[in-house]
Each structure stands twice: as C-alpha cells, then as structure tokens.
Amino acid sequence: MIRIAVSGHRDLTPEVASLIDQAVRAELATYRGAELLGMSCLASGADQIFARAVLAVGGQLEVYVPAAQYRARLPDEAKPGYDDLISEAVAVHRFDHEESTP
C-alpha cells in the first residue's frame, strides 16, 4: 500500500485551485492501479483538492479530524465538500482536542 498525506493552503483563488488540482491529479495518476491511501484532515483548499483527486484515481481516503469543533470552524463553503469526502472515507480518526485551527 502506498500512503500519501498532504496538507496545503486554504484560501486559494479559483485559478490557483485549478492549477493545484491539475498538478495533484497528474502526480496521483502515476499511482493508478496501485493500492493508494490518501490521508487528510479535509481542510478547505488544497486538502480537499487532494482528497478528491485520490478518490478520482481509485484510491482510498483516510481522514484525521484534529478536534471536536473542527468542522464547525471550517468556512461555510468548505463544509459540503468536507461532508461528502468524510462520507467516502474508509476510516475516520477523531482526536480528543476540543478545538483546532482548520
């Protein structure tokens, strides 16, 4: 199994988000057909772009939720993506911290 974890910037312009998406998908395409596990906390921006790309190449997603209030502190526009992606995860690990910075 190949495990890849990514953490990146959150507040991306649409143009930058598109460039990151293209680059991440191109890199992950090299793992197509391999047992791929992407690990992410699903923050807005690059983290969710990476998680979607992992699923798009047939990989599995493992989510690490750093705090109980993590989702609540995400920007409203990132919450639907977070919810969709966490529902696709093969495993979700929740940490005992009350708060963190998403």
Side-chain angles (χ1 to χ4, degrees):
M1 169 140 331
I2 298 167
R3 296 169 190 248
I4 301 174
V6 168
S7 183
H9 291 283
R10 297 181 309 159
D11 299 320
L12 306 172
T13 65
E15 296 82 12
V16 170
S18 178
L19 290 171
I20 291 170
D21 184 50
Q22 291 170 33
V24 168
R25 286 176 187 264
E27 182 62 30
L28 291 180
T30 65
Y31 297 101
R32 190 177 300 278
E35 256 189 279
L36 174 65
L37 178 69
M39 301 179 297
S40 176
C41 65
L42 303 180
S44 58
D47 292 30
Q48 288 190 18
I49 290 169
F50 166 73
R52 283 188 202 93
V54 165
L55 295 172
V57 299
Q60 295 180 327
L61 182 62
E62 189 167 289
V63 175
Y64 294 81
V65 181
Q69 298 298 316
Y70 187 74
R71 183 191 180 280
R73 297 203 49 208
L74 289 172
D76 287 341
E77 63 273 8
K79 290 176 183 173
Y82 176 90
D83 294 340
D84 290 343
L85 290 165
I86 205 166
S87 74
E88 296 286 329
V90 296
V92 178
H93 307 279
R94 298 179 188 277
F95 293 90
D96 293 334
H97 306 290
E98 185 60 28
E99 291 191 33
S100 74
T101 303

Same cluster (ILVMFWY, side-chain, under 4.5 Å), Tyr31 and Ile49:
yes
The reported gap from CG in Leu19 to OG1 in Thr13 (rounded to nearest 0.5 angstrom) is 8.0 Å
Could you tell me whether His9 atom NE2 has more than 12 heavy atoms of other residues or ligands within 6.0 Å of it? no
Note: Leu61 and Ser40 closest approach over all heavy atoms is CD1-CB, 4.5 Å
Backbone N/O of Asp84 and side chain of Ser87: donor-acceptor pair under 3.5 Å: yes
query = Is there a donor-acceptor pair closer than 3.5 Å between any side-chain N or O of Glu88 and the backbone N or O of Leu55?
reply = no
Asp47 and Gly8 have their tightest heavy-atom pair at OD1-N, 2.9 Å
Check whether any side-chain heavy atom of Leu42 sits under 4.5 Å from a side-chain heavy atom of Leu74, and report yes or no.
no
> Is the closest side-chain heavy-atom distance between Leu37 and Val90 below 4.5 Å?
Replying inline: yes
Requested in this report: With the side chain counted from C-beta on, respond yes when Arg52 and Leu85 share a heavy-atom pair under 4.5 Å apart, and no when they do not.
Outcome: yes
Ala34 and Ile2 have their tightest heavy-atom pair at CB-CD1, 3.9 Å
Review point. Could you go step by step and tell me if Ser18 and Gln22 meet the side chain to side chain donor-acceptor pair (under 3.5 Å) rule?
Key: CA-CA 6 Å; Ser18 178; Gln22 291 170 33; 3.2 Å; yes
So SG of Cys41 and CZ of Phe95: to nearest 0.5 Å the spacing works out to 10.0 Å
**Asked** How about Val54 and Val6: do any of their side-chain heavy atoms sit closer than 4.5 Å?
**Response** no
How are the rings of Tyr82 and Tyr70 set relative to one another: parallel (under 30°), tilted (30 to 60°) or perpendicular (over 60°)? tilted
>> Quick check: is Leu12 connected to Val24 through a chain of hydrophobic side chains (ILVMFWY, heavy atoms under 4.5 Å apart)?
In response: yes
Would you check if Ile20 and Phe50 make a side-chain contact, meaning some heavy-atom pair closer than 4.5 Å?
no
Note: Lys79 and Arg71 closest approach over all heavy atoms is CE-O, 3.3 Å
Heavy atoms of Arg32 and Ala56 approach each other most closely as NH1-O, 3.8 Å
CD of Glu35 to CZ of Arg3, rounded to nearest 0.5 Å, is 9.5 Å
Heavy atoms of Asp83 and Ile86 approach each other most closely as O-CG2, 3.4 Å
